Every structure is written in C-alpha cells, then in structure tokens.
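Everything numeric here is computed off the predicted structure, so don't read it as measured data.
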Amino acid sequence: MKKVSRWIMIFILCSGAAAAFGQSEKEMAEEYFKNGDCAKALTYYTAYLKSSFEKGSLKNYTSCIIKNKSWGEAESFYKKQIKNDAANASWYYLYWGVMLETQGKAQDASRKNEQAIASSGARIELKRDLADEFRAINQPQWAKNILLQARESAKRTDLFQLELASVYRDLNDPEKMIDELLSYGMRYQNTEVVQNMLQDFTKDEKEQALLEKVLYDKIQKFPNEGFYNELLIWYQIQKKDFYKAFIQERSLDKRFKHNGSRLYNLGMLALQNLDYSNAGTIFDYLVKEYPKGQLYPVARRMAIFAREEQVKNTYPVKKSEVEKLLGQYQQLVDELGTNVRTVEALRNMATLNAFYMDDFKKAIAILETAIEAGKQEKNFVDKCKLDLGDIYLLQGEPWEATLVYSQVEKSQKDDLLGYEAKLRNAKLHYYKGEFVLAKAVLDILKKATSREIANDANELSLLIMDNTGLDSTEAAMKAYSAVELLLFQNKKYEAIDTLKQLYKKYENHSLADEIIWLTAKTYIKLDSNQQAMENLKLLVSKFGHDIYGDDALFAMAKLYQEKLNDKDQAMKLYQELMEKYPGSIFVADSRKRFRILRGDVIN
C-alpha cells in the first residue's frame, strides 16, 4: 500500500513539474517573440505546442515562420500536429493556409482552408471561432463559407445571423447584410441590437438608401408587423427627417392605440433638433386628434411654442407675428383657465412681451400671475424669477436683476437652475465690465453638470482671458461687453453703430475678429444681408486662420443659399469649408447642403 502511494506521489510531482516546464516554455517563447527573436521563439513554441495547444501561440509560431521563411520546417510541423492533435487540426490547417498565402500559393492556401472547414466537423462553436479568425486575417469570404456550412450541417437558417451580417459588411454586400440583420431582429424582436449594428454598418449613403427601400418594402409586405415600422422610424430620426418619422409614427399610433404618447415624444425630439416646422405639425396633429386626451393642454402649448421658436429664429423678427403668438397663448389660457396646466404658457407670454414688444410692465404682471398659479412648484417659481431678472436687465436695472438671480442661486444651490442663475450673474458681471468677478464664477461653472452651461462658461471665460490684461484700463473689453448688453436688450441699431466705432478704434486689437463676427451676426438678425456679407468676407480674409474661419464661411454660404439666391457661390463656399476645415462641426451640414444644391436625391 505504501509503495502504491509513493508511486502516486511521484506521478503527481512529475505532472506538476511537466506543467511548470510547459508553462515556462510558453513564457520563454513569448518573451523571445516580443523581442523579435523568432529563431529562439520557434524552438520554444514548437516544444510547447507538441504538449499543449493554444491558438495565440500557434498564431505567433506562424508569424515567426513567415518572418524567417522556414517553410519546410513549418510544413513538417503542421503535418505532425494534425496527425497527433486531431481535435485542433482545423487551426493547424488554417495557419498552414496563412503561410501558403504569404508564399503566393493561393490555390494551396484555399485547399488548406477547405480542410480547416471540413475538419471542424459538426462543432458549431468551433466553426464560429474559425470564422472570427478568418475575418481577423482579412479573409471574409472563408468566414462566410464556414458560417454557411455551419447552417447547412445544423439545418438552421437562423444560425449566426449577426456574424454573417458582419461578414457581408466586410464583403461589401449591403443587401445581404441588411437581410441578415432584419431577419435576426424579427426573429428575436431585438431592435436595439439591430439599430446598433445598422448605425455602425450603414454609413455610406448608398447603404442608407438601400436600408430605407428595404424597410418600406417590408412594411408593404407585412403591414401588421410593427418591428419594421419601429426600425424605419428610428432610421428617419437618425437622419433627422422628422416629417417621414411622423408619417410612420402616426400609422403606429392608430394601429396600436398609443394615444399620442409616442407622437408627443417625437415632437419634442424635433424641437430639440430645431426642426420647428415639423414639431409644430406633430403637435397640431395631437391637438386635432386628441382634443379630450391628457396630452391636449401640453400639446396645444407646444404647438404654439414651436411656432414661437420659428418666429424668433426668422430674421428680422416681426412684431405682427409675435402679436399672433400672444393671441394664441391668450386663447389657450382663456380656454383652460389660469392654473398649473397653463403656467408655462404664461411664462412664454411674459418673455415675448418683454423681449419683443418692450412691454416690461405687462411682462412682470403676467409673471406674477404665473408665480401665484404655480407656487406649489419650486422649480417653476425659480424659472420665473430668472425670467424676472432678465426683464430687469432689459429695463437697465442690473442691481434688481442680480438680486433675483442670487435668490435662485441660493434656492437651487447644487441643481441645474442654480448653475443657470450663477451663469446669468457671471454674464451680468461681464456686461458691467467686472471681469475678475465674472471669470471667478465662470471657472467654477466650467465644471457644471450641464454640458451646455459648462460650454457657455468656458467660452466666455476664454474670451475674457484672451482679451484682458492687454492694457491697464481694459477699455476695449469693457466697450465690447457693453455692446453685448445692448444686444441682450434688443438695441441692435445702437449696437451696430458702436461696433463700427470699436472696429475703427481697435482694428489691431485681439478683439478685432470678435467685433467683426458680432457685427456680421447682428446684421443677419436685422436681415441686412449685404452688410453682413461684407463683414464675413472681411473676417475670412483677415482672420480665416483663426477660430471664426469656418463659422464665417458657413454663414456666407448660407446667406448665398437662403437670402441672396446665388446657388453657385453657395456651393463653392460649402466645398471650400469641407476642404479647408475638415474637422469643423459644419462639415456634415455643408455636405448635405452642397448635395441638395447640386441636385442629388437626398433620402
């Protein structure tokens, strides 16, 4: 008995030693491989692979064979391993094929690939792994072959659909790629996975057009299948084609009785993407279709708000259009009463009266009514206070403004509204020429949770930093910030006159490009397009290399396209922007506009 135990112990120790020795062989091989010493690495990889199989080691072995051109040695090795390690024969055939391909023996390599597939037998997971490796070595056709063979042997057409979609992408076969993805999505009702892959795979315009066509065809063929509608809506939203998305969403709303909830979300998404026209169309539909629904009050208000945004962003802003908006808001309040359902409409009325009708007294009275009606909602009350501070600033009462802003700062200390109040206080310091105070607040806000607030704070902080400390009085910066206050107060003509004087005086100052850019933007808001164009041309010629170069080119191109009806010049400038500023945020929009002007069909 003792003798048997002793032999067992010896066997265990020897096995452990062998394992440790094997591990050290692998480590030595990898060390030499990393150092580029393939001759020594091959010795250790050969020894290691005879006792243990590991795909990474075999791949490195093959790399070293190719580097050293040890073709005969490798052929002998692959043959022996296939005979002695039949379970892993597929891998040896595959890498043997890689070696032959490197030698320019394409037919021989193909035969090895066929043997790799054949020797995988009925092992489905092995076939998947081999397909992955074929893709990794840039042989997608063989990846396709083995995946289709796996389907055939398993008699399952649904096998490896996502993997095949990726392979068809590699093979530039978008039709089959889309077919595999849609088939997978339908089978498992998994829109998220399909959307993610389509987003990665359909970046080419032809692929996008094909996807849209296929989805429309599927909807016509299977009208009661919501999956295809869902996917088409998602695709149209990605393209920011909110009208087409609305048509599809409207159909789903009727069929599946969503009671307008998804349409409302789509309208809000259109608003966020500044598509005010289609947002208004969507909300108008909700108002008409669901006059007694829960969404009616907010849809009614958002329909007016969408038109308000259109009016405010169409230059010059017409008072007659603002008066129409005020009338529509008033009708809403008269219909639904002064209560929590209409307080946001009252807020909008107040800001319209203040900023566009110069009726500050009426604006403040409406805000007070809104605060009383919504006093149970702390956030709403504080939003109204921010509006009130803005109105005080419009009236030229900065001390009253900062008092109200500070109240909100205190009330909403670590919340978004508190940061917004802090930003407005910083801007107030800036308008007054108190740059040290302004920058101290802005530097805190650069770490704000809201990206928009952080970006605004960073932009203003940089402006102050770049243009102060250049002279002891900081006269140029104070004059410039005073002009920005005039613009906030809608005193555009007074601001234009001041900007002209500033440019004459500070033509060689670091603020010169800021002055020209602000002048151009103000002329655009006044619909004085020729004067705007003159300033934009000056900005491009003198400061095209600076931060406003792409902004100015894009603004010029838009003016030629939308206001001056010079299609050729607009195309020329969009083309120039794409070539000169490839990293600009305006490149995508420029490309789209260029293609529209050229007459391309935009899906």
Side-chain angles (χ1 to χ4, degrees), residues 128 131-132 134-136 138 140-141 143-144 147-148 150-151 156-253 255-256 258 262-263 265-266 268-270 272-273 275 278 282 585 587-589 591-592 595-596 600-603:
R128 185 208 301 268
D132 286 343
F134 276 126
R135 287 190 70 208
N138 199 29
Q141 183 62 47
K144 171 190 160 185
L147 291 174
L148 290 177
R151 277 186 177 178
R156 284 184 56 188
T157 56
D158 64 317
L159 205 59
F160 299 139
Q161 288 182 300
L162 296 182
E163 289 85 352
L164 271 164
S166 298
V167 169
Y168 284 128
R169 170 61 173 168
D170 295 340
L171 291 168
N172 195 26
D173 192 342
E175 195 162 348
K176 287 185 179 177
M177 173 197 75
I178 290 168
D179 185 60
E180 292 289 347
L181 285 176
L182 295 187
S183 177
Y184 171 86
M186 262 296 296
R187 189 179 299 276
Y188 299 104
Q189 291 296 303
N190 193 331
T191 53
E192 189 175 346
V193 168
V194 175
Q195 286 170 2
N196 288 338
M197 291 189 75
L198 283 172
Q199 198 159 30
D200 288 338
F201 288 174
T202 54
K203 293 179 180 178
D204 182 86
E205 290 170 358
K206 289 181 181 178
E207 292 171 351
Q208 292 170 359
L210 176 62
L211 172 62
E212 188 170 20
K213 180 184 179 300
V214 169
L215 287 172
Y216 275 119
D217 290 344
K218 293 283 188 185
I219 289 167
Q220 286 183 345
K221 193 173 179 180
F222 307 103
N224 295 318
E225 181 48 64
F227 170 76
Y228 297 120
N229 289 85
E230 292 275 3
L231 209 54
L232 183 57
I233 290 165
W234 165 82
Y235 166 77
Q236 287 159 345
I237 289 172
Q238 299 304 302
K239 298 280 287 181
K240 297 188 179 178
D241 193 336
F242 292 102
Y243 184 74
K244 284 185 180 179
F246 164 58
I247 298 300
Q248 295 301 318
E249 197 68 82
R250 186 176 63 186
S251 174
L252 286 184
D253 185 69
R255 193 179 306 153
F256 298 108
H258 292 307
R262 287 169 51 118
L263 279 164
N265 292 336
L266 180 64
M268 293 301 292
L269 197 56
Q272 290 166 20
N273 283 274
D275 190 344
N278 284 314
I282 296 166
I585 60 171
V587 164
D589 202 358
R591 184 177 293 109
K592 184 177 179 180
R595 291 183 64 236
I596 290 170
D600 296 358
V601 177
I602 307 294
N603 293 292

S.K.: Taking side-chain hydrogen bond (donor to acceptor under 3.5 Å, both in side chains) as the test, write out the residues that go with T157, two or more places apart.
M.R.: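 By the side-chain hydrogen bond (donor to acceptor under 3.5 Å, both in side chains) rule, T157 matches no residue at all.
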S.K.: Which heavy atom of A209 sits nearest to which heavy atom of Y235, and what is that distance?
M.R.: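 So the minimum-distance heavy-atom pair works out to N-OH, 4.3 Å.
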S.K.: Apply side-chain hydrogen bond (donor to acceptor under 3.5 Å, both in side chains) to E225 and list each qualifying residue two or more places apart in sequence or on a separate chain.
M.R.: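 Counting only residues at least two positions away or on another chain, E225 forms no side-chain hydrogen bond (donor to acceptor under 3.5 Å, both in side chains).
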S.K.: Is it the case that Q238 and Q199 place a side-chain donor and acceptor less than 3.5 Å from each other?
M.R.: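 Present: a donor and an acceptor within the cut-off.
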S.K.: Check the pair Q248, N229 against side chain to side chain donor-acceptor pair (under 3.5 Å), reporting the backbone distance first and the verdict last.
M.R.: CA-CA 7 Å; Q248 295 301 318; N229 289 85; 3.0 Å; yes
S.K.: Got a sec, which residues hit side-chain hydrogen bond (donor to acceptor under 3.5 Å, both in side chains) with Y243, two or more places apart in sequence or on another chain?
M.R.: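 Y243 satisfies side-chain hydrogen bond (donor to acceptor under 3.5 Å, both in side chains) with no other residue.
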S.K.: I'd like to know if E212 and K244 make a salt bridge, using a cut-off of under 4.0 Å between side-chain N and carboxylate O.
M.R.: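 A salt bridge links E212 with K244.
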S.K.: Hey, could you give me the CD1/CD1 distance between I237 and I233, rounded to the nearest 0.5 Å?
M.R.: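 Answer rounded to 0.5 Å: 7.0 Å.
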S.K.: Counting distance only, does the side-chain N/O of Y168 pair as donor-acceptor with the main-chain N or O of K144 below 3.5 Å?
M.R.: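 Such a contact is absent between Y168 side chain and K144 backbone.
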S.K.: Would you say the side-chain atoms of R255 pair up with the backbone N or O of G226, donor to acceptor, closer than 3.5 Å?
M.R.: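 Not a single qualifying donor-acceptor pair exists.
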S.K.: Closer than 3.5 angstrom, by distance alone: can the side chain of S251 be matched with the main-chain N or O of I247 as a donor-acceptor pair?
M.R.: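 Answer holds: no.
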S.K.: Could you tell me the separation between the CD1 atom of I178 and the OG atom of S183, rounded to the nearest 0.5 Å?
M.R.: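 That separation rounds to 13.5 Å.
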S.K.: With sequence neighbours left out, write down each residue that passes side chain to side chain contact (heavy atoms under 4.5 Å, CB included) with F256, or none if nothing qualifies.
M.R.: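 For F256, the residues satisfying side chain to side chain contact (heavy atoms under 4.5 Å, CB included) (neighbours in sequence not counted) are L252, H258.
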S.K.: On a heavy-atom basis, which atom in I219 and which in L232 lie closest, and how many Å separate them?
M.R.: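 Looking at all heavy atoms of both residues, the closest pair is CD1-CD2, 3.5 Å.
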S.K.: State which residues pass side-chain hydrogen bond (donor to acceptor under 3.5 Å, both in side chains) with R591; sequence neighbours excluded, sorted by chain then number.
M.R.: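 For R591 there are no side-chain hydrogen bond (donor to acceptor under 3.5 Å, both in side chains) partners, ignoring immediate neighbours.
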S.K.: With sequence neighbours left out, what residues match D158 under salt bridge (Lys or Arg N to Asp or Glu O under 4.0 Å)?
M.R.: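 D158 satisfies salt bridge (Lys or Arg N to Asp or Glu O under 4.0 Å) with R156 only.
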S.K.: Listing request: all salt bridge (Lys or Arg N to Asp or Glu O under 4.0 Å) pairs with a residue in residues 162-177, at least two apart in sequence or in separate chains.
M.R.: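 Only R128-E163, R135-D170, R169-E207 qualify under salt bridge (Lys or Arg N to Asp or Glu O under 4.0 Å).
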S.K.: Pair up each side-chain donor or acceptor in residues 185-194 with any protein partner under 3.5 Å, not counting sequence neighbours, and list the distances.
M.R.:
{"unit_1": "Q189", "atom_1": "NE2", "unit_2": "M186", "atom_2": "O", "d": "3.0"}
{"unit_1": "N190", "atom_1": "OD1", "unit_2": "E192", "atom_2": "N", "d": "3.4"}
{"unit_1": "N190", "atom_1": "OD1", "unit_2": "V193", "atom_2": "N", "d": "3.1"}

S.K.: How close do F134 and A143 get, counting heavy atoms only, and between which atoms?
M.R.: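 Reported closest heavy-atom pair: CB-N, 3.7 Å.
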S.K.: List for me each residue that meets salt bridge (Lys or Arg N to Asp or Glu O under 4.0 Å) alongside D132, sequence neighbours excluded, and say none if there are none.
M.R.: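 Counting only residues at least two positions away or on another chain, D132 forms no salt bridge (Lys or Arg N to Asp or Glu O under 4.0 Å).
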S.K.: Checking side-chain contact (heavy atoms from CB on, under 4.5 Å) between L164 and each of L159, L147, L171, which is the one that passes?
M.R.: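 One option only clears the test, and that one is L147.
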S.K.: Could I get the full list of ring-ring contact (aromatic ring centres under 6.0 Å, His included) partners for F227, not counting sequence neighbours?
M.R.: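 Residues passing ring-ring contact (aromatic ring centres under 6.0 Å, His included) with F227: none at all.
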S.K.: Report the residues that fulfil salt bridge (Lys or Arg N to Asp or Glu O under 4.0 Å) with K240, sequence neighbours left out, ordered by chain and then residue number.
M.R.: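 Result, salt bridge (Lys or Arg N to Asp or Glu O under 4.0 Å) vs K240: none returned.
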